[in-house]
There are 2 protein chains.
Amino acid sequence: MARPQRLPREELRQAILDAAQDILRDEGVDALTARAIAKRVGYTAASIYNVFESMSDLLIEVNRRTLTDLRLIFVDLPESAPPDVRLKELLRRYIAFMQRNPALWAALFGGTRKRESFPDWYTASVRFLLGQLRDMLREVTGETDDARAWAQAEQLYLAVHGAISLDLGRRLDLVTPQPLNHVTEAILDMMLARFRT
Amino acid sequence: MARPQRLPREELRQAILDAAQDILRDEGVDALTARAIAKRVGYTAASIYNVFESMSDLLIEVNRRTLTDLRLIFVDLPESAPPDVRLKELLRRYIAFMQRNPALWAALFGGTRKRESFPDWYTASVRFLLGQLRDMLREVTGETDDARAWAQAEQLYLAVHGAISLDLGRRLDLVTPQPLNHVTEAILDMMLARFRT
DNA sequence: AAATTTTGTTGAACAGTGTTCAATAATGGT
DNA sequence: ACCATTATTGAACACTGTTCAACAAAATTT
């Protein structure tokens, strides 16, 4: 059987990540197997390991793309609207992003990291997104203290994360009969009211 | 090879659940396999399926025990202390409970439910615990409106859940450099201050 | 007490997973 | 034309949840 070299290394790498994203979008995180990815790119499962250390490594690279894509929810927010309305719109976009693609969320936050910590760019990327949130929050609260501004952004995110995390795991209704949108908006309103003082 | 009947059905059932909890505590959620459980109880993997529909069903029964055990964090709270201190102690206990046994948390909240919803007793059990939290919160806030009291308890729990969920997934440091205790206490303080008005 | 039914237990198998590795084909350099 | 490097693969390994025919023990009926 012929085994021709088909793609330069970097192109194959990107093709694999494309396929992985497609599978996550179309079939969910459970369907993301080495053999399934390989099939989509016209290779064999073993080939994945020429390009990636492990499936866990591959997932991290998928997350890199997700984190990059997430930056888009900050662009083209309605300029004229008051800052709290823009915050609400941002929240709406974040939820929509994750609900449109729950498997990306599962890849980002699911699973249990063993020992290894995340690469530096990973932490930096998350921190960047959180910084954007902090800035928007600041426009509402007028908070001048840097540490407090960070803490407020972190607290807001943690609460929203808790709600979405339960929702995507189909467990939100264990905690509340309210739908996700309602819950997160209530959290936002509550925190804004608190932080403004 | 001899295949004697060893245990009455119900005893075997409990022995299996005991073994499952032991494995979760000692070796983590990844080590919880049908064969590992069977080995501990001196049976074969196939026997598990005489007693439980599936591993997923077995997990739900483990969670039943966890939810029952969780009720213990409410007992013997310092009676004399002011209600906000008791709330803080409760929070401390909840975190300790989950940190002492992260695999129980993973079983409770990890994984992705396919279609099936939870049994009724499952929802009721969670709701009961949340009701306890609502009552304690009420002692601090004096909130008279039932709906608002529920909403406050839900919001508090969601935020705490978000933080613990990230922490046990070794991802909290992506969001904040603060340790878990510090973050959750800050959230509690912030919400108490808000709800009290 | 003997025969029969019901129940409990198991070994072996199936299809699937991530991962490794020797063997082979294609490519690039001399 | 030869060689060295690189890319690709099939086959295997150890593992997973799950099923099922075969058999042993217990319970029931005769």
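Chain letters run A, B, ... following the sequence lines, proteins first, then strands; residues in each count from 1. Note that these values count all heavy atoms, side chains included, but never hydrogens, waters or copies made by symmetry.
The side-chain heavy atoms of L172(A) and L158(B), taken from C-beta on, include a pair separated by under 4.5 Å.
Rounded to a whole Å, the CG atom of L58(A) is 15 Å from the C1' atom of dT17(C). Note: OH (Y43(B)) to P (dG17(D)) measures 20 Å, nearest angstrom. The CD1-P distance, from I48(A) to dC21(C), rounds to 18 Å in whole Å. Taking atom CE on M55(B) and atom P on dT16(D), their separation rounds to 10 Å, with Å as the unit. Atom CD in E53(A) sits about 8 Å away from atom P in dT20(C), given to the nearest Å. If you take CZ of R9(B) and P of dA26(D), they are 18 Å apart, rounded to a whole angstrom. Between N50(A) atom CG and dA22(C) atom P there is a gap of 14 Å when expressed in whole angstrom units. Separating the OH atom of Y49(B) from the P atom of dT9(C) is a distance of 16 Å, rounded to the nearest angstrom.
For the pair R171(A) and F118(B), the cation-pi test (distance below 6.0 Å, angle within 45°) is failed.
Taking every heavy atom of residues 27-40 of chain B and every atom of DNA chain D, pairs under 4.0 Å involve L32(B), T33(B), A34(B), R35(B), by number. Taking a 4.0 Å limit (strictly below) on heavy-atom distances, residues 11-26 of chain A does not reach DNA chain C anywhere.
Dashed line: the shortest gap from a side-chain N or O of T44(A) to OP1 or OP2 of dT8(D) is not under 4.0 Å.
Using modelled atom types, one side-chain atom of S54(A) and one backbone atom of D57(A) make a donor-acceptor pair closer than 3.5 Å. In this structure, R93(A) contributes its side chain and L70(A) its backbone to no donor-acceptor pair below 3.5 Å. Side-chain atoms of R86(A) do not come within 3.5 Å of backbone N or O of M136(A) as any donor-acceptor pair.
Looking only at atom types and distance, the side chain of Q99(A) has a donor-acceptor partner in the side chain of D167(A) under 3.5 Å away.
By the 30° and 60° cut-offs, the orientation of the rings of F109(B) relative to Y157(B) is tilted.
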